[in-house]
Amino acid sequence: MKKIVLLALVSFTMYSCKKDKSSQEVAAGNLPIEIEVKKDFKIKSVTRKDYLAEYKFGEYIQGKQLNKVVRRFNEESLPYEIEIEVMDPDDMGVSSGDSLSIDPLNGNVFKYTPKKNGNKIEMYGVNGDLAEILIHKDHTMFGYTADNDKEPFVVRKYDEIGNYIYQVINTGDEFLYVTKHTIVAKDDNGFATKSNAMWFQYRKRADINYNNIDFSSLEVVDKNYQVVEFNFELY
């Protein structure tokens with residue numbers, strides 16, 4: 001069971017039917033006319049790098065790298081692999097999200113066989129057992145371990161094309177580990193390339209509503225500044 005939980009804590013996903021807006025000018029007399037063009041994206045992989053940071057003179061000063069996480073998706077937008085590299089195991093407690101679950105003895109690549117079942121994505125491990133269940137609703141992804149469908153181990157909120165807004169990691173102890181993102185740079189398709197983030201360790205409440213988390217009601221145990229870099233690869 002411990003191995004399944006460790007696997008469960010390292011794989012989550014995002015749907016990649018994404019939209020972006022661009023415009024082109026069409027001459028109409030002397031007045032330009034904006035025409036909206038929509039694009040559908042399928043994400044092939046998302047690479048995320050987390051760095052510690054300091055906040056000085058109104059700016060985030062990027063420090064040492066904490067981890068690197070790569071999630072890979074098939075052409076049906078289903079996740080099938082996650083690769084995690086922790087730069088310094090002593091910093092796992094302050095790293096953002098996935099690295100909290102790393103077990104150095106298990107290597108850093110985790111493979112899954114995903115199966116879509118209604119509004120759920122069932123994630124099967126290499127031994128064929130169901131490891132976790134992912135549910136998407138209202139631009140939010142909820143991840144549950146196979147043996148606990150009541151309390152999610154991860155909640156991730158996205159904007160309309162799939163950029164991170166916040167991530168909540170629930171490791172089953174008395175705390176929640178939360179990263180809140182403020183995007184500061186995007187690529188031509190509107191995907192984040194860099195965010196200034198705040199990482200929080202909150203004391204968990206028994207009455208917490210994971211569908212509508214009120215962070216202001218939670219006690220802050222620890223926090224730090226982070227810079228997060230992203231790279232989205234598309235099909």
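- D50 CG to Q65 CD: the interatomic distance, rounded to the nearest 0.5 Å, is 8.0 Å.
- Qualifying salt bridge (Lys or Arg N to Asp or Glu O under 4.0 Å) partners for K204, counting only residues two or more places apart in sequence or in other chains: E151.
- Checking N127 against D129 by side-chain atom types alone, a donor-acceptor pair falls below 3.5 Å.
- Note on I165 and Y210: same hydrophobic cluster, where clusters join Ile, Leu, Val, Met, Phe, Trp and Tyr whose side-chain heavy atoms are under 4.5 Å apart, directly or indirectly.
- Residues F73 and V46 share a closest heavy-atom pair of CE1-CG2, 4.1 Å.
- Atoms CZ and CD, from F153 and E132 in turn, are 4.0 Å apart once rounded to the nearest 0.5 Å.
- Both cation-pi conditions hold for K115 and Y124: the charged atom is under 6.0 angstrom from the six-membered ring centre and inside a 45 degree cone around its axis.
- With 3.5 Å as the limit, one finds a donor-acceptor pair spanning the side chains of K137 and N211.
- The salt bridge (charged side-chain N to carboxylate O under 4.0 Å, His left out) pairs that include a residue from residues 163-185 are E174-R203, where partners are two or more places apart or lie in different chains.
- Dense packing is recorded around CD of E219, with more than 12 heavy atoms of other residues, nucleotides or ligands lying under 6.0 Å away.
- You'll find the ring centres of Y158 and H181 outside the 6.0 Å limit.
- Atoms OH and CE, on Y80 and M123 in that order, are 11.5 Å from each other to the nearest 0.5 Å.
- When atom types are taken as modelled, the side chain of N209 and the backbone of I213 share no donor-acceptor pair closer than 3.5 angstrom.
- Closest approach of N74 and E76 over heavy atoms only: OD1-N, 2.9 Å.
- Heavy-atom contacts from other residues, nucleotides or ligands closer than 6.0 Å to CG of D138 number 12 or fewer.
- Residues forming a side chain to side chain donor-acceptor pair (under 3.5 Å) with R205 (at least two apart in sequence, or on another chain): D207.
- With values rounded to the nearest 0.5 angstrom, T193 atom OG1 is found 8.5 Å from E229 atom CD.
- Between the CE atom in M87 and the CG atom in N67 there is a gap of 7.0 Å [rounded to 0.5 Å].
- What you find for P114 and I121 is that their closest heavy atoms are CB-CG2, 4.2 Å.
- Between the CG atom of N189 and the CZ atom of F232 there is a distance of 10.5 Å, given to the nearest 0.5 Å.
- The minimum heavy-atom distance between Q167 and R71, with the atom names listed, is OE1-NH2, 4.3 Å.
- Checked by atom type, the side-chain pair D147/T145 shows a donor-acceptor distance below 3.5 Å.
- Taking F142 as the reference, nothing meets the ring pair (Phe, Tyr, Trp, His ring centres under 6.0 Å) condition, with sequence neighbours excluded.
- Judged as a side chain to side chain donor-acceptor pair (under 3.5 Å), and not counting sequence neighbours, the contacts of E233 are S45.
- In this structure Y235 satisfies the ring pair (Phe, Tyr, Trp, His ring centres under 6.0 Å) test with no other residue, sequence neighbours excluded.
- Between the N196 side chain and the V227 main chain, no donor and acceptor come within less than 3.5 Å of each other.
- Partners of K223 by side chain to side chain contact (heavy atoms under 4.5 Å, CB included), not counting sequence neighbours, listed by chain and number: M198, F200, V220.
- Side-chain rings of F215 and Y202 approach one another, their centers coming within less than 6.0 Å.
- In the hydrophobic clustering of ILVMFWY residues, with side-chain heavy atoms under 4.5 Å counting as a link, I61 and L66 come out apart.
- Applying the side chain to side chain donor-acceptor pair (under 3.5 Å) rule to K49 yields no partners; only residues at least two apart in sequence or on another chain are considered.
- Residues satisfying the side chain to side chain contact (heavy atoms under 4.5 Å, CB included) criterion with I183, sequence neighbours excluded, are D159, N163, K186, A192.
- By the side chain to side chain donor-acceptor pair (under 3.5 Å) test, N117 is found to be paired with E122, residues two or more places apart in sequence or in another chain being considered.
- Residues V155 and P152 approach most closely at CG2-CG, 3.7 Å, considering heavy atoms.
- When the ring pair (Phe, Tyr, Trp, His ring centres under 6.0 Å) test is applied to Y51, no partner is found at least two apart in sequence or on another chain.
- The same ILVMFWY cluster, assembled from side-chain heavy atoms under 4.5 Å apart, contains both I208 and I135.
- Residues satisfying the ring pair (Phe, Tyr, Trp, His ring centres under 6.0 Å) test with Y60, not counting sequence neighbours, are Y55, Y225.
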